[in-house]
Amino acid sequence: MDCFMTHADSLWAKALELHTDSLQSKVDSLQAKLDALQGKTDFLSNVIETANDGVSNQLSATNNLLALVGVIVTIAAIWLGVLIEKRKRQIEKMAETIDTKKKAVEDLAAIVDDKKEKVDIIAKATEDLDKKIHGDITGLYNDLRKEETKTLFQRIAKEPLDIDNLGPILLAREVEPENFLLLKQAFLKVPEIPVVEDKIDLENGVFRIKSDTNHSFMLQFFQHFFYQSVKDDDIRQTFVDNFKNVFDNAFDSDIVRATEGLCKALTDADSKFDKVYVLKGFLKAINTSKFENFALLRKILEENLSEQGLLQLAIERCEADNITLSLFKGKTSESGQSTSQEINNVPGTWAQPHKESSV
């Protein structure tokens, strides 16, 4: 029994050994396969790692390339922006230059046109002057006198006291209405001017004739600017107060012209001053002058002022002051001193000698 057991054990052991060898062979085979697989795995891992390194390098190179491209594009964009801005400024500057030159050309064209116009004016003036010299010498003389007269008034505006020297010359001339402002300007510079008495001292070389500068101005206002003087607020009061003094030196034609100027000033729609006061002053001055019975004055006054009632009011105020107006109460004459023919033919001038005074 023991032998049988020993033999069985021996067989079992042998079988077990064989089985163990078989298992070991399988294990070795599996190990070999596992090693082979591990080798392949390591190879694949190396391949993959190598591939990853290549991809990483490519990605890094690509990133570097993209960064470089980005820098280049940025620099190019900045350069392009600077270039565009520079070109823009150059274009704007060129546009400004073009506009400036265009304006300069336009100004030059305007100057040329103006010069051409002036040349045409000068040419026409020269032609007119030539025609006047050869065909209208009287007209040329009148134009020269007109300019000379304006120069005299400009002199008085600058030196008002010189009116005592220049006044007698102006009284005998026809004067343009625009000279009134020059005369008024001179008069307002010296509102209070004393009368200068005669003074003759031959030993010391002094020869001065009596002059009244205020009166000299009043004569000019009366002779040339009666209408404007009555309308002017600055000199009206003084002018009305001096009616009597200036009437004494007038011819018939002068007083007729003054009366017509008075009527126009009183009937103008824009006249806002005390018209009755002015008319009353005029009638009072006429009443004490050589024209107190001048029928033509009465006719002019009645034709122009009766409808507005101004004449009647002024007469009533005179009567209230116990002033009897010969022009409307007494016998009238056809003239103050000269004849009717003189009124029509004689230009306005003054019945006083021409005095040249010096200091």
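Residue numbers start at 1 and run along the sequence shown.
Not one N or O on the side chain of K280 forms a donor-acceptor pair closer than 3.5 Å with the backbone of A314. Between the side chain of H224 and the backbone N or O of L170, at least one donor-acceptor pair lies under 3.5 Å. Remark: side-chain polar atoms of D232 are paired, donor with acceptor, to backbone N or O of D234 under 3.5 angstrom. One N or O on the side chain of S229 and one on the backbone of F225 form a donor-acceptor pair closer than 3.5 Å.
Pairing each heavy atom of L310 with each of K275, the nearest pair is CD2-CB, 4.0 Å. Heavy atoms only, all atoms of each residue included: A250 and F222 are closest at CB-CE2, 3.8 Å. Closest of all the heavy-atom pairs between L327 and N293 is CD1-C, 4.1 Å. Across all non-hydrogen atoms, the minimal contact from P160 to T213 is O-CG2, 4.3 Å. Heavy atoms only, all atoms of each residue included: F291 and F251 are closest at CZ-O, 3.7 Å.
Here the SG-CG distance, from C263 to L301, works out to 5.0 Å after rounding to the nearest 0.5 Å. The structure places CD1 of I121 at 8.0 Å from CG of D114, a figure rounded to the nearest 0.5 Å.
Using cut-offs of 30° and 60° for the angle between ring planes, the F247 and F226 rings count as parallel.
Other residues, nucleotides and ligands contribute over 12 non-hydrogen atoms within 6.0 Å of the NZ atom of K184. Other residues, nucleotides and ligands place more than 12 heavy atoms under 6.0 Å from the CD atom of Q90.
Side chains of M218 and T238 form a contact here, defined as non-hydrogen atoms less than 4.5 Å apart. Considering only heavy atoms from C-beta on, V256 comes within 4.5 Å of F294 through its side chain. N179 places none of its side-chain heavy atoms less than 4.5 Å from the side chain of L152. At a threshold of 4.5 Å between non-hydrogen side-chain atoms, the residues V230 and F282 do not count as touching. For the pair N304 and L262, the minimum side-chain heavy-atom distance is 4.5 Å or more. Under the 4.5 Å side-chain criterion, counting only non-hydrogen atoms from C-beta, L182 is in contact with Q154. Proximity of F273 to V240: side-chain heavy atoms (C-beta onward) are nowhere separated by under 4.5 Å. The side-chain heavy atoms of L325 and I286, taken from C-beta on, include no pair separated by under 4.5 Å.
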* Asked: When you look at R173 and E148, which way does the salt bridge (charged side-chain N to carboxylate O under 4.0 Å, His left out) test go after all the steps?
  -> CA-CA 11 Å; R173 294 193 177 189; E148 181 190 18; 2.9 Å; yes

* To do: Start with the C-alpha gap between D99 and K102, add the side-chain angles, then the distance that decides, and say whether salt bridge (charged side-chain N to carboxylate O under 4.0 Å, His left out) holds.
  => CA-CA 5 Å; D99 291 339; K102 180 180 178 181; 5.9 Å; no

* Does the pair K103 and D107 meet the rule for a salt bridge (charged side-chain N to carboxylate O under 4.0 Å, His left out), with working shown? -> CA-CA 6 Å; K103 187 177 184 304; D107 292 342; 3.1 Å; yes

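The pair K150-E176 does not meet the salt-bridge criterion, since no charged nitrogen lies less than 4.0 angstrom from a carboxylate oxygen. Looking at D248 and K244, a side-chain N of the basic residue comes within less than 4.0 Å of a carboxylate O on the acidic one, giving a salt bridge. In summary, R257 and D254 engage in a salt bridge, as defined by a charged side-chain N under 4.0 Å from a carboxylate O.
Contacts classified as side-chain hydrogen bond (donor to acceptor under 3.5 Å, both in side chains) and involving residues 260-271 (residues at least two apart or in different chains) are given here: Y227-K264, Y227-D268, K231-D268, K231-D270, K231-S271.
Aromatic ring centres of F221 and F187: separated by under 6.0 Å. Taking the six-membered ring for Trp, F239 and F243 have ring centres closer than 6.0 Å.
Hydrophobic clustering (side-chain heavy atoms under 4.5 Å, transitive across Ile, Leu, Val, Met, Phe, Trp, Tyr) groups I169 together with V175. Connection of I137 to L144 is established within a shared hydrophobic cluster, with ILVMFWY side chains joined at heavy-atom distances below 4.5 Å, either directly or through further cluster members.
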